Amino acid sequence: MSVAEGVQEGVQRTVAIVGGGVAGIAAAVAAADAGWRVELVETRIKLGGRATSFDDVRSGVELDNCQHVVMGCCTSMLELYDRLGVLDEIEWHETLWFARGGGAFDRLAIAPVLPAPLHYSPSFAGMKLFSLAEKWAIARAFLAILRMGPKGRVRWTGRAFGEFLAETRQPPRVVELFWDPVVISACNLPSARCEAAHALKVFDEGMLVHRFAGAVGVARVPLRRLYDRVEEIVASTGGSLRLRTSAKALAFDGERVTGVVCDDGLVNAQRVIAAVPPDRLARLCSATLRAADKRLANLEKFTFSPILGVHLAFKRPVLSVPNLSLSGRATHWLFAHEPPAGAPFAQRLEAVVSTADEWDGLSEEETTRRVLADAAWALGVSADELSRELAWSRPVLERHATFASTPGVEAIRPRTTAEAGDLKGGVANLYLAGEWTDTGWPSTMEGAARSGFAAAAACTGQGRVAPDLPPAALVRLFRAIG
(Lines give C-alpha, C1' and ligand atoms only; values in the text may rest on other atoms or scores of the structure.)
Protein backbone atom coordinates (compact mmCIF):
# COMPACT_ATOMS: atom_id res chain seq x y z
CA MET A 1 0.00 0.00 0.00
CA SER A 2 1.40 3.41 -0.91
CA VAL A 3 1.65 6.17 1.66
CA ALA A 4 -1.09 8.06 -0.11
CA GLU A 5 -3.66 5.28 0.14
CA GLY A 6 -6.36 5.60 2.79
CA VAL A 7 -6.55 9.41 2.51
CA GLN A 8 -9.25 10.72 0.21
CA GLU A 9 -8.95 14.04 -1.57
CA GLY A 10 -10.42 16.88 0.47
CA VAL A 11 -11.04 14.72 3.56
CA GLN A 12 -9.53 15.80 6.89
CA ARG A 13 -6.39 13.73 7.34
CA THR A 14 -6.05 12.30 10.84
CA VAL A 15 -3.08 10.72 12.55
CA ALA A 16 -3.47 9.08 15.93
CA ILE A 17 -0.35 9.24 18.10
CA VAL A 18 -0.04 6.91 21.06
CA GLY A 19 2.26 8.27 23.75
CA GLY A 20 2.83 11.81 24.98
CA GLY A 21 6.53 11.64 25.75
CA VAL A 22 9.16 13.62 23.85
CA ALA A 23 8.81 11.40 20.75
CA GLY A 24 5.02 11.76 20.71
CA ILE A 25 5.24 15.51 21.28
CA ALA A 26 7.71 15.97 18.41
CA ALA A 27 5.54 13.83 16.11
CA ALA A 28 2.38 15.72 17.10
CA VAL A 29 3.85 19.17 16.56
CA ALA A 30 5.40 18.21 13.21
CA ALA A 31 2.22 16.50 11.95
CA ALA A 32 0.09 19.48 12.97
CA ASP A 33 2.51 21.82 11.22
CA ALA A 34 1.99 19.69 8.09
CA GLY A 35 -1.76 20.33 8.34
CA TRP A 36 -2.83 16.98 9.74
CA ARG A 37 -5.42 16.57 12.46
CA VAL A 38 -3.65 15.02 15.44
CA GLU A 39 -5.27 12.89 18.12
CA LEU A 40 -2.63 12.41 20.82
CA VAL A 41 -3.46 9.64 23.30
CA GLU A 42 -1.66 9.68 26.64
CA THR A 43 -2.45 7.66 29.76
CA ARG A 44 -1.05 10.20 32.20
CA ILE A 45 -2.51 13.58 33.12
CA LYS A 46 0.47 15.44 31.66
CA LEU A 47 2.89 15.36 28.75
CA GLY A 48 6.59 14.52 28.80
CA GLY A 49 6.74 10.82 29.63
CA ARG A 50 10.02 10.17 31.41
CA ALA A 51 11.07 13.81 30.85
CA THR A 52 8.43 15.56 32.92
CA SER A 53 7.78 16.95 36.40
CA PHE A 54 5.32 16.41 39.20
CA ASP A 55 3.84 18.26 42.18
CA ASP A 56 5.57 16.91 45.26
CA VAL A 57 2.94 17.06 47.98
CA ARG A 58 5.46 16.67 50.78
CA SER A 59 7.60 19.67 49.88
CA GLY A 60 5.04 21.70 47.95
CA VAL A 61 7.56 22.07 45.11
CA GLU A 62 7.17 21.02 41.47
CA LEU A 63 10.06 18.63 40.80
CA ASP A 64 11.43 16.98 37.67
CA ASN A 65 11.24 13.21 37.77
CA CYS A 66 14.97 13.23 36.97
CA GLN A 67 17.56 15.78 35.90
CA HIS A 68 17.47 16.09 32.11
CA VAL A 69 19.88 18.16 30.04
CA VAL A 70 20.08 19.10 26.40
CA MET A 71 23.42 19.58 24.65
CA GLY A 72 24.44 21.77 21.77
CA CYS A 73 24.66 18.72 19.52
CA CYS A 74 20.98 17.89 20.18
CA THR A 75 19.68 19.67 17.10
CA SER A 76 16.26 18.00 16.99
CA MET A 77 15.55 18.68 20.65
CA LEU A 78 16.55 22.30 20.20
CA GLU A 79 14.32 22.54 17.13
CA LEU A 80 11.42 21.19 19.18
CA TYR A 81 12.06 23.69 21.97
CA ASP A 82 12.23 26.46 19.38
CA ARG A 83 8.87 25.42 17.91
CA LEU A 84 7.38 25.39 21.41
CA GLY A 85 8.80 28.84 22.11
CA VAL A 86 10.81 27.79 25.16
CA LEU A 87 14.43 28.15 24.07
CA ASP A 88 14.71 31.13 26.43
CA GLU A 89 13.92 28.78 29.31
CA ILE A 90 17.16 26.85 28.72
CA GLU A 91 20.21 28.02 30.67
CA TRP A 92 23.48 27.15 28.95
CA HIS A 93 26.70 26.12 30.65
CA GLU A 94 29.98 25.89 28.75
CA THR A 95 31.91 24.60 31.77
CA LEU A 96 31.65 21.19 33.42
CA TRP A 97 33.09 20.78 36.91
CA PHE A 98 34.81 17.64 38.23
CA ALA A 99 35.24 16.97 41.96
CA ARG A 100 38.64 15.85 43.23
CA GLY A 101 37.42 15.46 46.81
CA GLY A 102 37.88 17.73 49.81
CA GLY A 103 36.18 20.67 48.11
CA ALA A 104 38.66 20.83 45.19
CA PHE A 105 37.18 21.09 41.68
CA ASP A 106 38.62 20.86 38.17
CA ARG A 107 36.98 22.60 35.25
CA LEU A 108 36.52 21.43 31.66
CA ALA A 109 35.51 24.52 29.71
CA ILE A 110 35.01 25.57 26.10
CA ALA A 111 37.76 28.03 25.20
CA PRO A 112 36.39 31.31 23.82
CA VAL A 113 38.55 31.45 20.69
CA LEU A 114 39.94 28.02 19.82
CA PRO A 115 38.16 26.04 17.07
CA ALA A 116 36.95 22.47 17.40
CA PRO A 117 38.46 20.01 18.15
CA LEU A 118 40.91 22.10 20.21
CA HIS A 119 38.28 24.04 22.20
CA TYR A 120 38.68 21.98 25.41
CA SER A 121 42.49 21.79 25.27
CA PRO A 122 43.50 24.62 27.67
CA SER A 123 41.18 23.59 30.49
CA PHE A 124 41.89 19.89 29.99
CA ALA A 125 45.62 20.56 30.23
CA GLY A 126 45.03 22.33 33.52
CA MET A 127 43.01 19.55 35.19
CA LYS A 128 44.72 18.25 38.32
CA LEU A 129 42.57 15.11 38.46
CA PHE A 130 44.87 13.40 35.94
CA SER A 131 48.63 13.05 35.61
CA LEU A 132 50.44 14.06 32.44
CA ALA A 133 50.69 10.40 31.36
CA GLU A 134 46.96 9.94 31.91
CA LYS A 135 46.18 13.04 29.87
CA TRP A 136 48.29 11.68 27.02
CA ALA A 137 46.31 8.45 27.17
CA ILE A 138 43.00 10.34 26.97
CA ALA A 139 44.31 12.46 24.10
CA ARG A 140 45.39 9.29 22.26
CA ALA A 141 41.87 7.88 22.45
CA PHE A 142 40.30 11.17 21.39
CA LEU A 143 42.60 11.30 18.37
CA ALA A 144 41.45 7.81 17.37
CA ILE A 145 37.80 8.86 17.74
CA LEU A 146 38.41 12.01 15.73
CA ARG A 147 40.11 10.18 12.89
CA MET A 148 37.54 7.41 12.54
CA GLY A 149 34.48 9.68 12.27
CA PRO A 150 31.00 8.22 11.62
CA LYS A 151 32.21 5.77 8.95
CA GLY A 152 34.90 4.34 11.20
CA ARG A 153 32.43 3.81 14.03
CA VAL A 154 30.65 1.14 11.98
CA ARG A 155 33.28 -1.50 12.74
CA TRP A 156 32.64 -1.01 16.46
CA THR A 157 28.90 -1.70 16.22
CA GLY A 158 27.99 -4.69 18.36
CA ARG A 159 31.11 -4.42 20.51
CA ALA A 160 31.60 -2.95 23.99
CA PHE A 161 33.15 0.49 24.41
CA GLY A 162 35.50 -1.09 26.92
CA GLU A 163 37.13 -2.91 23.99
CA PHE A 164 37.90 0.42 22.34
CA LEU A 165 39.38 1.74 25.59
CA ALA A 166 41.56 -1.36 25.87
CA GLU A 167 42.70 -1.00 22.26
CA THR A 168 43.72 2.61 22.90
CA ARG A 169 45.52 1.58 26.14
CA GLN A 170 43.46 3.54 28.65
CA PRO A 171 44.63 3.06 32.26
CA PRO A 172 41.99 1.69 34.68
CA ARG A 173 42.01 4.91 36.71
CA VAL A 174 41.31 6.96 33.57
CA VAL A 175 38.44 4.66 32.65
CA GLU A 176 36.98 5.05 36.15
CA LEU A 177 37.42 8.81 36.48
CA PHE A 178 37.04 10.11 32.91
CA TRP A 179 35.46 7.75 30.40
CA ASP A 180 32.94 6.05 32.67
CA PRO A 181 31.42 9.26 34.12
CA VAL A 182 30.64 10.53 30.62
CA VAL A 183 29.46 7.19 29.22
CA ILE A 184 27.31 6.41 32.26
CA SER A 185 25.71 9.86 32.09
CA ALA A 186 24.99 9.70 28.35
CA CYS A 187 24.27 5.99 27.84
CA ASN A 188 23.27 4.84 31.35
CA LEU A 189 25.73 1.94 31.31
CA PRO A 190 29.44 1.71 32.17
CA SER A 191 32.02 1.43 29.40
CA ALA A 192 32.47 -2.32 29.87
CA ARG A 193 28.76 -2.95 29.12
CA CYS A 194 27.96 -0.12 26.68
CA GLU A 195 27.52 -0.41 22.91
CA ALA A 196 30.73 1.06 21.51
CA ALA A 197 29.03 2.84 18.60
CA HIS A 198 26.83 4.78 21.06
CA ALA A 199 29.68 5.87 23.31
CA LEU A 200 31.87 6.81 20.34
CA LYS A 201 29.05 8.94 18.96
CA VAL A 202 28.73 10.74 22.30
CA PHE A 203 32.40 11.69 22.41
CA ASP A 204 32.70 12.49 18.69
CA GLU A 205 29.53 14.48 18.10
CA GLY A 206 29.16 15.71 21.68
CA MET A 207 32.70 16.94 22.31
CA LEU A 208 34.84 17.05 19.17
CA VAL A 209 33.15 18.12 15.95
CA HIS A 210 31.78 21.55 16.90
CA ARG A 211 32.54 24.12 19.61
CA PHE A 212 28.91 24.38 20.75
CA ALA A 213 28.27 20.62 20.68
CA GLY A 214 29.30 20.04 24.30
CA ALA A 215 27.48 23.01 25.83
CA VAL A 216 24.98 21.79 28.43
CA GLY A 217 21.50 23.27 28.66
CA VAL A 218 19.36 22.95 31.80
CA ALA A 219 15.72 24.02 31.96
CA ARG A 220 15.02 26.96 34.26
CA VAL A 221 11.43 25.77 34.73
CA PRO A 222 9.92 22.37 35.59
CA LEU A 223 10.09 20.14 32.52
CA ARG A 224 6.36 19.81 31.94
CA ARG A 225 6.11 23.61 31.59
CA LEU A 226 8.15 23.31 28.40
CA TYR A 227 5.23 21.53 26.72
CA ASP A 228 2.50 24.08 27.46
CA ARG A 229 2.06 25.06 23.80
CA VAL A 230 1.55 21.54 22.49
CA GLU A 231 -2.22 21.62 23.02
CA GLU A 232 -2.55 24.93 21.16
CA ILE A 233 -0.51 23.62 18.19
CA VAL A 234 -2.49 20.38 18.01
CA ALA A 235 -5.82 22.19 18.31
CA SER A 236 -4.89 24.57 15.47
CA THR A 237 -5.76 21.86 12.92
CA GLY A 238 -8.76 20.49 14.80
CA GLY A 239 -6.96 17.85 16.83
CA SER A 240 -6.91 17.23 20.56
CA LEU A 241 -4.85 15.96 23.46
CA ARG A 242 -6.54 12.94 24.99
CA LEU A 243 -4.88 12.95 28.40
CA ARG A 244 -5.98 10.45 31.06
CA THR A 245 -6.88 8.15 28.15
CA SER A 246 -5.52 4.64 28.16
CA ALA A 247 -4.76 2.99 24.82
CA LYS A 248 -5.78 -0.67 24.89
CA ALA A 249 -4.85 -1.88 21.40
CA LEU A 250 -4.02 -0.85 17.86
CA ALA A 251 -7.04 -1.68 15.69
CA PHE A 252 -5.92 -3.82 12.72
CA ASP A 253 -8.08 -5.09 9.86
CA GLY A 254 -5.53 -7.50 8.45
CA GLU A 255 -3.98 -4.95 6.10
CA ARG A 256 -4.03 -1.55 7.78
CA VAL A 257 -4.11 -0.09 11.26
CA THR A 258 -7.47 1.69 11.42
CA GLY A 259 -7.09 3.49 14.71
CA VAL A 260 -6.47 3.12 18.42
CA VAL A 261 -8.78 1.28 20.79
CA CYS A 262 -8.99 3.33 24.01
CA ASP A 263 -10.81 2.89 27.28
CA ASP A 264 -13.38 5.43 26.08
CA GLY A 265 -13.82 4.09 22.53
CA LEU A 266 -12.08 3.90 19.15
CA VAL A 267 -9.97 6.76 17.82
CA ASN A 268 -10.23 6.43 14.04
CA ALA A 269 -7.28 7.54 11.94
CA GLN A 270 -5.82 7.07 8.48
CA ARG A 271 -2.38 6.66 10.03
CA VAL A 272 -1.03 5.78 13.45
CA ILE A 273 2.27 6.68 15.11
CA ALA A 274 3.16 4.45 18.06
CA ALA A 275 5.41 6.54 20.29
CA VAL A 276 5.57 4.30 23.35
CA PRO A 277 8.35 2.11 24.79
CA PRO A 278 8.78 -1.38 23.29
CA ASP A 279 7.26 -3.24 26.24
CA ARG A 280 4.18 -1.01 26.10
CA LEU A 281 3.91 -1.41 22.33
CA ALA A 282 4.00 -5.19 22.72
CA ARG A 283 0.84 -4.99 24.83
CA LEU A 284 -0.93 -2.89 22.19
CA CYS A 285 -0.26 -5.24 19.26
CA SER A 286 -2.28 -8.33 18.49
CA ALA A 287 -0.57 -11.51 17.35
CA THR A 288 -2.03 -10.89 13.89
CA LEU A 289 -0.52 -7.41 13.70
CA ARG A 290 2.85 -8.61 14.91
CA ALA A 291 2.86 -11.40 12.34
CA ALA A 292 2.17 -8.82 9.62
CA ASP A 293 5.07 -6.51 10.50
CA LYS A 294 8.56 -7.80 11.25
CA ARG A 295 9.50 -4.52 12.95
CA LEU A 296 7.44 -5.78 15.90
CA ALA A 297 9.32 -9.07 16.25
CA ASN A 298 11.91 -8.05 18.86
CA LEU A 299 9.93 -5.93 21.30
CA GLU A 300 10.52 -8.30 24.23
CA LYS A 301 14.28 -8.37 23.61
CA PHE A 302 14.80 -4.82 24.90
CA THR A 303 16.06 -4.49 28.45
CA PHE A 304 16.17 -1.34 30.54
CA SER A 305 18.47 0.57 32.84
CA PRO A 306 17.27 2.69 35.79
CA ILE A 307 18.17 6.22 36.84
CA LEU A 308 17.76 7.63 40.34
CA GLY A 309 17.25 11.33 40.94
CA VAL A 310 17.51 12.64 44.50
CA HIS A 311 16.27 16.15 45.25
CA LEU A 312 18.03 17.76 48.23
CA ALA A 313 16.86 21.10 49.66
CA PHE A 314 19.35 22.95 51.87
CA LYS A 315 18.89 25.77 54.38
CA ARG A 316 21.91 27.55 52.92
CA PRO A 317 23.74 27.32 49.56
CA VAL A 318 26.23 24.45 49.67
CA LEU A 319 27.39 24.15 46.02
CA SER A 320 29.07 27.12 44.38
CA VAL A 321 29.06 25.79 40.78
CA PRO A 322 26.02 24.87 38.63
CA ASN A 323 27.08 21.28 37.99
CA LEU A 324 29.56 18.86 39.46
CA SER A 325 30.72 15.41 38.35
CA LEU A 326 31.59 13.10 41.24
CA SER A 327 34.08 10.91 39.38
CA GLY A 328 34.59 7.53 40.99
CA ARG A 329 31.63 7.84 43.37
CA ALA A 330 28.29 6.03 43.41
CA THR A 331 26.54 9.37 42.93
CA HIS A 332 27.48 10.62 39.49
CA TRP A 333 26.36 14.26 39.24
CA LEU A 334 25.08 17.17 41.30
CA PHE A 335 23.12 20.01 39.70
CA ALA A 336 22.37 23.23 41.59
CA HIS A 337 18.97 24.93 41.25
CA GLU A 338 17.66 28.24 42.55
CA PRO A 339 14.64 27.85 44.85
CA PRO A 340 11.24 29.17 43.75
CA ALA A 341 10.16 32.51 45.15
CA GLY A 342 9.19 32.27 48.81
CA ALA A 343 10.63 28.77 49.26
CA PRO A 344 11.73 27.93 52.82
CA PHE A 345 15.14 26.76 51.64
CA ALA A 346 18.14 28.46 50.02
CA GLN A 347 19.32 25.95 47.40
CA ARG A 348 18.12 22.71 45.84
CA LEU A 349 20.54 20.15 44.50
CA GLU A 350 19.54 17.30 42.25
CA ALA A 351 21.80 14.29 42.55
CA VAL A 352 21.86 11.84 39.65
CA VAL A 353 22.68 8.14 39.99
CA SER A 354 22.71 6.42 36.60
CA THR A 355 22.70 2.62 36.25
CA ALA A 356 20.98 2.65 39.63
CA ASP A 357 20.17 -1.07 39.87
CA GLU A 358 21.95 -1.47 43.21
CA TRP A 359 19.92 1.38 44.73
CA ASP A 360 16.55 -0.20 43.97
CA GLY A 361 14.90 -1.31 47.21
CA LEU A 362 16.81 1.06 49.49
CA SER A 363 14.76 3.18 51.89
CA GLU A 364 14.53 6.92 51.26
CA GLU A 365 16.59 7.49 54.40
CA GLU A 366 19.40 5.19 53.25
CA THR A 367 19.33 6.63 49.73
CA THR A 368 19.63 10.15 51.11
CA ARG A 369 22.42 9.12 53.50
CA ARG A 370 24.51 7.64 50.68
CA VAL A 371 24.07 10.66 48.42
CA LEU A 372 24.91 13.06 51.26
CA ALA A 373 28.09 11.08 51.97
CA ASP A 374 29.18 11.45 48.33
CA ALA A 375 28.26 15.14 48.28
CA ALA A 376 30.15 15.71 51.52
CA TRP A 377 33.26 14.08 50.01
CA ALA A 378 33.02 16.38 47.00
CA LEU A 379 32.34 19.55 48.97
CA GLY A 380 34.96 18.99 51.64
CA VAL A 381 32.60 18.94 54.62
CA SER A 382 31.45 16.22 56.97
CA ALA A 383 28.32 14.25 56.17
CA ASP A 384 26.90 15.24 59.58
CA GLU A 385 27.40 18.93 58.81
CA LEU A 386 25.72 18.59 55.43
CA SER A 387 22.89 16.61 56.98
CA ARG A 388 22.22 19.40 59.49
CA GLU A 389 21.77 21.83 56.62
CA LEU A 390 19.28 19.54 54.83
CA ALA A 391 15.69 20.79 54.85
CA TRP A 392 14.21 17.79 53.01
CA SER A 393 15.01 15.17 50.40
CA ARG A 394 12.96 13.38 47.75
CA PRO A 395 14.37 10.36 45.87
CA VAL A 396 12.71 9.44 42.55
CA LEU A 397 13.65 6.14 40.87
CA GLU A 398 12.79 5.65 37.19
CA ARG A 399 13.25 1.90 36.70
CA HIS A 400 12.79 1.99 32.91
CA ALA A 401 14.59 5.30 32.42
CA THR A 402 16.41 4.17 29.25
CA PHE A 403 16.72 1.10 27.11
CA ALA A 404 19.97 -0.68 27.88
CA SER A 405 22.60 0.34 25.30
CA THR A 406 24.28 -3.06 25.37
CA PRO A 407 26.38 -4.42 22.50
CA GLY A 408 24.08 -5.84 19.83
CA VAL A 409 21.11 -3.61 20.60
CA GLU A 410 21.43 -1.88 17.22
CA ALA A 411 20.43 -5.13 15.50
CA ILE A 412 16.98 -5.12 17.12
CA ARG A 413 16.10 -1.42 16.87
CA PRO A 414 13.28 -1.11 14.30
CA ARG A 415 12.86 1.40 11.51
CA THR A 416 10.19 4.09 11.64
CA THR A 417 8.46 2.80 8.51
CA ALA A 418 7.78 -0.59 6.97
CA GLU A 419 9.58 -0.84 3.65
CA ALA A 420 8.83 -2.90 0.56
CA GLY A 421 10.75 -6.15 0.54
CA ASP A 422 10.45 -6.82 4.27
CA LEU A 423 10.56 -10.53 4.96
CA LYS A 424 7.12 -10.48 6.59
CA GLY A 425 5.87 -7.49 4.69
CA GLY A 426 4.84 -4.52 6.79
CA VAL A 427 1.94 -2.34 7.81
CA ALA A 428 2.50 0.78 5.74
CA ASN A 429 0.30 3.17 7.72
CA LEU A 430 1.89 2.27 11.08
CA TYR A 431 4.90 4.38 12.08
CA LEU A 432 7.15 3.77 15.06
CA ALA A 433 8.70 6.47 17.23
CA GLY A 434 10.64 6.49 20.47
CA GLU A 435 14.27 6.77 21.41
CA TRP A 436 14.52 2.95 21.22
CA THR A 437 13.87 2.96 17.46
CA ASP A 438 16.63 3.11 14.85
CA THR A 439 17.83 6.68 15.47
CA GLY A 440 21.56 5.91 15.71
CA TRP A 441 21.56 7.67 19.09
CA PRO A 442 21.65 6.15 22.57
CA SER A 443 18.56 6.43 24.79
CA THR A 444 18.26 10.23 25.03
CA MET A 445 15.73 13.02 24.59
CA GLU A 446 17.51 13.85 21.33
CA GLY A 447 16.91 10.34 20.05
CA ALA A 448 13.25 10.61 21.04
CA ALA A 449 12.79 13.96 19.28
CA ARG A 450 14.52 12.69 16.15
CA SER A 451 12.29 9.65 16.03
CA GLY A 452 9.17 11.77 16.40
CA PHE A 453 10.17 14.14 13.63
CA ALA A 454 11.13 11.21 11.40
CA ALA A 455 7.79 9.47 12.01
CA ALA A 456 5.82 12.62 11.26
CA ALA A 457 7.81 13.30 8.08
CA ALA A 458 7.22 9.74 6.83
CA CYS A 459 3.55 9.89 7.78
CA THR A 460 2.70 13.29 6.26
CA GLY A 461 5.26 13.50 3.46
CA GLN A 462 6.43 16.84 4.87
CA GLY A 463 9.12 18.00 7.29
CA ARG A 464 12.45 16.45 8.12
CA VAL A 465 14.84 15.60 10.94
CA ALA A 466 17.12 18.50 11.90
CA PRO A 467 20.62 18.12 10.44
CA ASP A 468 23.57 17.53 12.75
CA LEU A 469 25.96 20.32 13.59
CA PRO A 470 28.50 20.53 10.74
CA PRO A 471 32.03 19.38 11.61
CA ALA A 472 34.48 22.24 11.99
CA ALA A 473 37.02 22.82 9.24
CA LEU A 474 39.89 21.51 11.37
CA VAL A 475 37.90 18.36 12.16
CA ARG A 476 37.36 17.74 8.46
CA LEU A 477 41.08 18.23 7.87
CA PHE A 478 42.01 15.73 10.58
CA ARG A 479 39.70 13.15 9.02
CA ALA A 480 40.96 13.80 5.51
CA ILE A 481 44.58 13.14 6.49
CA GLY A 482 43.77 10.53 9.17
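Everything numeric in this text was worked out from a predicted model, so none of it was measured. Values below: all heavy atoms of this structure, side chains included; hydrogens, waters and symmetry mates excluded.
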>> Taking S363's backbone N and O only, do any of them form a donor-acceptor pair with E365's side chain (distance below 3.5 Å, no angle check)?
In response: no

>> Under a 3.5 Å distance rule, please check whether R140 uses its side chain to pair with a backbone N or O of R169 as donor and acceptor.
In response: yes

> Which heavy atom in A215 sits nearest to a heavy atom in I110, and how many Å separate them?
Replying inline: N-CD1, 4.1 Å

> Just checking, is any N or O donor in the side chain of N65 or T52 under 3.5 Å from an acceptor N or O on the other one?
Replying inline: no

> Would you say the side-chain atoms of E195 pair up with the backbone N or O of G408, donor to acceptor, closer than 3.5 Å?
Replying inline: yes

> Quick one: does R464's side chain have a donor or acceptor within less than 3.5 Å of a partner on A457's backbone?
Replying inline: no

> Just by distance, do the side chain of S123 and the backbone of Y120 share a donor-acceptor pair under 3.5 Å?
Replying inline: yes

> Considering all heavy atoms of both residues, which atom of K201 and which atom of R153 are nearest to each other, and what is their separation?
Replying inline: N-CD, 3.7 Å

>> I'd like to know whether CD of E163 has more than 12 heavy-atom contacts from other residues, nucleotides or ligands below 6.0 angstrom.
In response: yes

> Can you name the closest pair of heavy atoms from C66 and L223 and give their distance?
Replying inline: O-CD1, 4.1 Å

> Hey, is the main chain of P222 close enough, under 3.5 Å, to the side chain of E62 for a donor-acceptor pair?
Replying inline: no

> Is there a donor-acceptor pair closer than 3.5 Å between any side-chain N or O of S354 and the backbone N or O of N188?
Replying inline: no

>> For R225, is there an ion pair with E89 - N to carboxylate O distance below 4.0 angstrom?
In response: no

> Do H119 and E94 meet the criterion of a side-chain donor-acceptor pair at a distance under 3.5 Å?
Replying inline: no

> Salt bridge between E446 and R450, side-chain N to carboxylate O under 4.0 Å?
Replying inline: yes

>> By the definition ring pair (Phe, Tyr, Trp, His ring centres under 6.0 Å), identify the one residue from F130, F164, F142 that meets it with W179.
In response: F142

>> For A455 versus L432, what's the shortest heavy-atom pair and its separation?
In response: CB-O, 4.0 Å

>> I'd like to know if D438 pairs up with R295 as an ion pair, taking the criterion as any Lys NZ or Arg NE/NH1/NH2 lying under 4.0 Å from an Asp or Glu carboxylate oxygen.
In response: no

> Does S387 reach the main-chain N or O of E385 with its side chain, forming a donor-acceptor pair under 3.5 Å?
Replying inline: no

>> Whether K46 and D55 form a salt bridge (side-chain N of Lys/Arg under 4.0 Å from carboxylate O of Asp/Glu) is what I want to check.
In response: no

>> Check E410 with R413, please: is the shortest side-chain N to carboxylate O separation under 4.0 Å?
In response: yes

> Are R58 and W392 in a cation-pi setup, meaning NZ or CZ lies under 6.0 angstrom from the ring centre and within 45 degrees of the ring axis?
Replying inline: no

